[in-house]
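Structure, as structure tokens:
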Amino acid sequence: MIPLRDVIPSRTTPVVTISLIVVNVLVFFYELSLGGGLDQFIRAWGLVPAEFSLVTLATSMFLHGGIFHAAGNMLYLWIFGDNVEDRMGHGRFLAFYVLCGVAAALGQTYIAPDSLIPMVGASGAIAGVMGAYFVLYPRSRIVTLVPIFIFIQIVEVPAIAFLGIWFLMQFLSGVGSIATTASGAGGGIAFWAHTAGFVAGLVGVFVF
């Protein structure tokens, strides 16, 4: 399922959401300009659990591993971020976003503390935004593109169902990844970061 938009218009201009998208896109364009130096850049500024750093805890959530990674994250941030920002206010939303990103990274680090693979992406913070949306707008609907074999359907899915299915998939995939992590293999998607970020959003929304 690919979300296209939600059905609730924002009452205010989501300046923080827009700014976060702009910053992430600019950083991604910079990554593209690095060519062969990209791997070194990712290792320097991505979060490596075995070499944990407060600096990379922050910088890692503005890096992405590819165009689909970046585009997908920005799409989700745009769909869910504006309404959450609208309810929280700009300053509180920014603090909420960053703290969800931190919680997500710490969750993944806890599961794989010895990993030497750099962790990058805004998806943990965005998962927190999705968790907040789940609480604030359970009766909203998400206009969703659903491919069915060779056909494509565009349907409105209840937000509580869309986000609930998304979270369940992340959690089950995270459980499945534990064996891979234990065997020494790794890489791919940081499912536990998504799970931790979503839970942080579910809880943190009541504070913010």
Side-chain angles (χ1 to χ4, degrees), residues 1-6 10 13-49 53 55-85 93-94 96-109 112 115 117-133 142-145 147 162-163 166-167 169-170 173-174 177 186-198 200-201:
M1 298 190 300
I2 302 174
L4 301 177
R5 61 179 176 85
D6 70 341
S10 179
T13 302
V15 292
V16 173
T17 298
I18 293 171
S19 298
L20 287 169
I21 291 172
V22 169
V23 170
N24 275 279
V25 169
L26 290 176
V27 171
F28 181 68
F29 281 147
Y30 177 72
E31 289 181 47
L32 293 179
S33 73
L34 294 175
L38 178 59
D39 287 345
Q40 183 177 357
F41 179 78
I42 292 294
R43 176 150 301 271
W45 299 107
L47 177 63
V48 179
S53 160
V55 173
T56 57
L57 182 63
T59 57
S60 62
M61 68 179 78
F62 294 96
L63 307 179
H64 288 89
I67 187 169
F68 293 110
H69 186 204
N73 276 347
M74 295 307 100
L75 174 63
Y76 273 72
L77 178 55
W78 175 248
I79 291 172
F80 299 105
D82 63 331
N83 297 112
V84 177
E85 180 179 349
F93 175 73
L94 178 59
F96 173 82
Y97 177 91
V98 172
L99 289 175
C100 285
V102 168
L106 291 177
Q108 185 68 30
T109 299
S115 174
I117 300 171
M119 184 167 38
V120 298
S123 50
I126 296 167
V129 174
M130 294 165 67
Y133 193 101
I142 310 302
V143 179
T144 306
L145 187 152
F162 182 95
L163 294 171
W166 183 89
F167 174 75
M169 289 175 61
Q170 304 308 306
S173 297
S177 72
I189 301 172
F191 293 110
W192 286 111
H194 299 171
T195 303
F198 192 91

At their closest point, which heavy atom of [X] faces which heavy atom of [Y], and how far apart are they?
X	Y	answer
A193	M119	CB-SD, 4.5 Å
R43	P118	NH2-CD, 3.6 Å
P3	I142	CB-CG2, 3.8 Å
G124	A104	CA-CB, 3.4 Å
A196	A103	CB-O, 3.7 Å
F167	T195	CE1-CG2, 3.6 Å

Under 3.5 Å, is there a donor-acceptor pair between the side chain of [X] and the main chain of [Y]?
X	Y	value
S10	N83	no
S53	V55	yes
W192	G174	yes

Got a second to check how far [X]'s [atom1] is from [Y]'s [atom2], nearest 0.5 Å?
X	Y	atom1	atom2	result
L34	I42	CG	CD1	8.5 Å
T109	L57	OG1	CG	7.5 Å
R5	I79	CZ	CD1	10.0 Å
L77	I126	CG	CD1	4.5 Å

Within 6.0 angstrom of M1 CE, more than 12 heavy atoms from elsewhere: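 Enclosed: over 12 neighbouring heavy atoms sit under 6.0 Å from CE of M1.
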Residue W166 excluded, over 12 heavy atoms near CH2 under 6.0 Å: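 It does: W166 CH2 has more than 12 such atoms within range.
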Residues which pass side chain to side chain donor-acceptor pair (under 3.5 Å) with S123, listed by chain and number, not counting sequence neighbours: H194
Contacts under 3.5 angstrom, residues 62-76 side chains, donor-acceptor by atom type, not counting sequence neighbours:
| from | atom 1 | to | atom 2 | distance (Å) |
| --- | --- | --- | --- | --- |
| H64 | NE2 | N73 | ND2 | 3.1 |
| H64 | NE2 | A122 | N | 3.4 |
| H69 | ND1 | G65 | N | 3.0 |

Derivation of the side chain to side chain contact (heavy atoms under 4.5 Å, CB included) call for V16 and Y97: CA-CA 10 Å; V16 173; Y97 177 91; over 6 Å; no
Test side chain to side chain contact (heavy atoms under 4.5 Å, CB included) applied to [X] - qualifying residues, sequence neighbours left out:
X	answer
L99	F208
S115	P49, A112, I117
S173	F191

Derivation and outcome, side chain to side chain contact (heavy atoms under 4.5 Å, CB included), residues T144 and L4: CA-CA 6 Å; T144 306; L4 301 177; over 6 Å; no
Option from F162, W78, Y133 for which side chain to side chain contact (heavy atoms under 4.5 Å, CB included) with D6 holds: Y133
Inter- and intrachain pairs under side chain to side chain donor-acceptor pair (under 3.5 Å), touching residues 15-40, at least two apart: T17-E85
